[in-house]
Number of protein chains: 2
Amino acid sequence: MELQEAKEKFISTWGTLGSLWGINKAMAQIHALLFISPNPLSMEDIMEALEISRGNASMNLRGLMDWGIVYKVNVPGERKEFFTSEKDVTELSRQIAKERSRRELQPTIKILKEVSSIEDDGTAATKEFIKQTKAMHDLADTADTMMNRIVSQEQNWITKTLVKFLK
Amino acid sequence: MELQEAKEKFISTWGTLGSLWGINKAMAQIHALLFISPNPLSMEDIMEALEISRGNASMNLRGLMDWGIVYKVNVPGERKEFFTSEKDVTELSRQIAKERSRRELQPTIKILKEVSSIEDDGTAATKEFIKQTKAMHDLADTADTMMNRIVSQEQNWITKTLVKFLK
DNA sequence: TTTAACTTTCAAATAATTTTGAAAGTTTAA
DNA sequence: TTAAACTTTCAAAATTATTTGAAAGTTAAA
């Protein structure tokens with residue numbers, strides 16, 4: 001396999017995989033392209049490489065910047081904007097974990113807490129509902145805590161220790 | 001808030017959240033319904049509660065059984081089939097982690113290994129590609145190992161220890 | 001300023017996914 | 001057996017998500 005083929009395979013795999021972390025195909029592919037590119041790319045470059053429209057490129061680049069994993073860079077002497085991605089996989093996963101917690105886990109935890117707090121009227125249906133939603137709340141809360149700690153900057157030492165321990 | 005409202009809120013939240021672990025709305029809602037129901041439900045019950053068609057119920061119940069988190073149960077004296085979900089959240093997350101690893105992580109790791117093994121021709125583009133896809137491979141591999149260990153039955157003690165440690 | 005280069009927005013078009021419902025298939029009671 | 005009760009399948013319909021492209025908006029060189 002040579003570079004071009006490998007590149008295409010990587011980008012397309014990353015694209016279909018986007019759903020694993022909740023983003024669409026074009027967005028994941030733009031990220032993949034930037035991730036393996038040795039230098040920043042312009043919107044033009046991205047449109048051409050992925051055969052997508054200008055609007056698509058623009059919107060998804062903004063989405064990636066909102067996720068905090070793609071940045072604008074200024075290339076001296078160039079009028080247009082260039083983009084580059086977070087290249088450090090540790091920082092990348094930290095950022096993704098942080099955003100997923102904020103966007104998905106935390107709102108869910110809030111609702112679980114809410115619904116599990118209904119008054120117990122003594123019926124089987126209510127008892128089961130409270131028991132199960134409480135259990136789910138505790139699970140989500142623990143998962144959120146672990147996720148945030150494991151990927152947090154300050155506690156990075158623990159991650160390394162853990163990884164070694166678990167390997 | 002009373003039971004009916006709380007139930008609806010839980011089921012609908014779980015539905016939109018399905019994407020977090022890669023399943024569709026109806027599937028997630030069926031799971032939510034079974035998860036809080038004190039007794040097994042028939043396909044009829046599910047269709048009625050969620051206002052979905054027979055075909056939809058049938059296909060998604062099968063999907064949930066494929067994930068290993070919903071089971072058929074036999075209710076004595078009843079002709080039709082009844083369904084119940086995994087009620088233990090620990091077992092539930094273990095099962096989901098196991099399936100996601102098998103369905104998504106492992107195939108990805110395989111491709112990352114493949115594409116990162118292209119021959120280094122010395123160009124900047126190739127060097128960057130190999131470096132970045134290798135880093136991604138290592139990350140995915142570590143994540144897979146951790147995930148599997150953390151949720152594995154045999155090593156359950158470590159989970160508890162860890163959770164305490166990190167809290 | 002003016003204007004050309006560039007970026008964003010968003011309604012409409014396209015594509016992908018999900019849902020329906022009825023026919024085909026299966027099971028079990030009589 | 002037969003037939004009623006029940007489940008599955010799958011093509012077509014409905015819904016949802018994504019993408020396009022051109023007009024509007026912005027920026028900066030001249």
Side-chain angles (χ1 to χ4, degrees), chain A residues 11-34 40-67 70-85 103-104, chain B residues 11-34 40-67 70-85 103-104:
Chain A
I11 291 170
S12 113
T13 303
W14 218 240
T16 51
L17 213 81
S19 63
L20 201 143
W21 42 290
I23 64 168
N24 73 41
K25 202 182 89 178
M27 201 156 142
Q29 291 193 339
I30 292 173
H31 173 258
L33 179 66
L34 292 173
L41 301 178
S42 70
M43 206 146 89
E44 217 58 40
D45 296 334
I46 293 166
M47 288 165 59
E48 195 179 315
L50 304 178
E51 301 184 77
I52 60 174
S53 72
R54 187 171 298 284
N56 200 354
S58 174
M59 293 180 102
N60 285 304
L61 278 166
R62 178 142 63 87
L64 286 164
M65 288 189 287
D66 290 346
W67 271 87
V70 160
Y71 322 111
K72 271 187 188 162
V73 291
N74 214 285
V75 173
E78 285 276 12
R79 170 79 179 272
K80 59 187 154 207
E81 293 171 324
F82 284 74
F83 300 89
T84 194
S85 89
R103 296 177 189 211
E104 293 159 354
Chain B
I11 290 170
S12 111
T13 304
W14 218 239
T16 49
L17 212 81
S19 62
L20 200 142
W21 41 290
I23 63 169
N24 73 40
K25 202 183 88 179
M27 201 157 143
Q29 291 193 338
I30 293 173
H31 173 258
L33 179 66
L34 292 172
L41 301 179
S42 70
M43 204 144 92
E44 215 61 36
D45 295 334
I46 293 166
M47 288 164 60
E48 195 178 317
L50 303 178
E51 302 184 77
I52 59 174
S53 71
R54 188 173 297 284
N56 201 353
S58 173
M59 292 180 102
N60 284 303
L61 278 166
R62 177 141 64 87
L64 286 164
M65 289 190 287
D66 290 346
W67 270 87
V70 159
Y71 321 112
K72 272 188 188 161
V73 291
N74 214 285
V75 174
E78 285 276 11
R79 169 79 177 272
K80 60 187 151 206
E81 293 170 325
F82 284 75
F83 300 88
T84 193
S85 89
R103 295 177 190 212
E104 292 158 356

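These figures come from a predicted structure and were not determined experimentally. Note on naming: letters A, B, ... go to the chains in the order of the sequence lines (proteins, then strands), and numbering restarts at 1 for each one.
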May I have the distance from [X] (atom [atom1]) to [N] (atom [atom2]), rounded to whole angstrom?
X       : N      : atom1 : atom2 : result
A:Asn74 : C:dT7  : CG    : C1'   : 15 Å
B:Leu64 : D:dT8  : CG    : P     : 13 Å
B:Lys80 : D:dA4  : NZ    : P     : 17 Å
B:Ile46 : C:dT19 : CD1   : P     : 14 Å
A:Glu78 : C:dC6  : CD    : C1'   : 12 Å
B:Phe83 : D:dT7  : CZ    : P     : 7 Å

Query - By salt bridge (Lys or Arg N to Asp or Glu O under 4.0 Å) - contacts of B:Arg103 (at least two apart) - result: B:Glu99

Report summary line: Taken in chain and number order and not counting sequence neighbours, the residues that satisfy salt bridge (Lys or Arg N to Asp or Glu O under 4.0 Å) with B:Glu44 are B:Arg54

Just the atom pairs and distances: protein N or O near nucleotides 17-19 of chain D's N or O, under 3.5 Å.
from, atom 1, to, atom 2, distance (Å)
D:dT19, O5', A:Asn56, ND2, 3.4

Return the minimal non-hydrogen interatomic distance between [X] and [Y], and the atom names on each side.
X       : Y       : value
B:Ala28 : B:Gly18 : CB-CA, 3.9 Å
B:Asp45 : B:Phe82 : OD2-CE2, 4.3 Å
A:Ala26 : A:Asn56 : CB-OD1, 3.8 Å

Query raised in the report: Are any of the side-chain heavy atoms of B:Ile46 and B:Leu61 separated by less than 4.5 Å?
Result: yes

Report summary line: With B for base contact, S for sugar-phosphate-only contact and - for none (protein heavy atoms under 4.0 Å), nucleotides 22-30 of chain D reads -----BS--

Report task. Please list all pairs passing the side chain to side chain donor-acceptor pair (under 3.5 Å) test where one or both residues lie in residues 74-85 of chain B, with sequence neighbours left out. Result -> B:Lys72-B:Glu81

Requested in this report: Identify whether any heavy atom of B:Glu44 sits under 4.0 Å from a base atom; if not, whether one sits that close to sugar-phosphate; answer base, sugar-phosphate or nothing.
Outcome: nothing

Query raised in the report: Looking at residues at least two apart in the chain, or sitting in another chain, which of them share a side chain to side chain donor-acceptor pair (under 3.5 Å) with B:Ser53?
Result: none

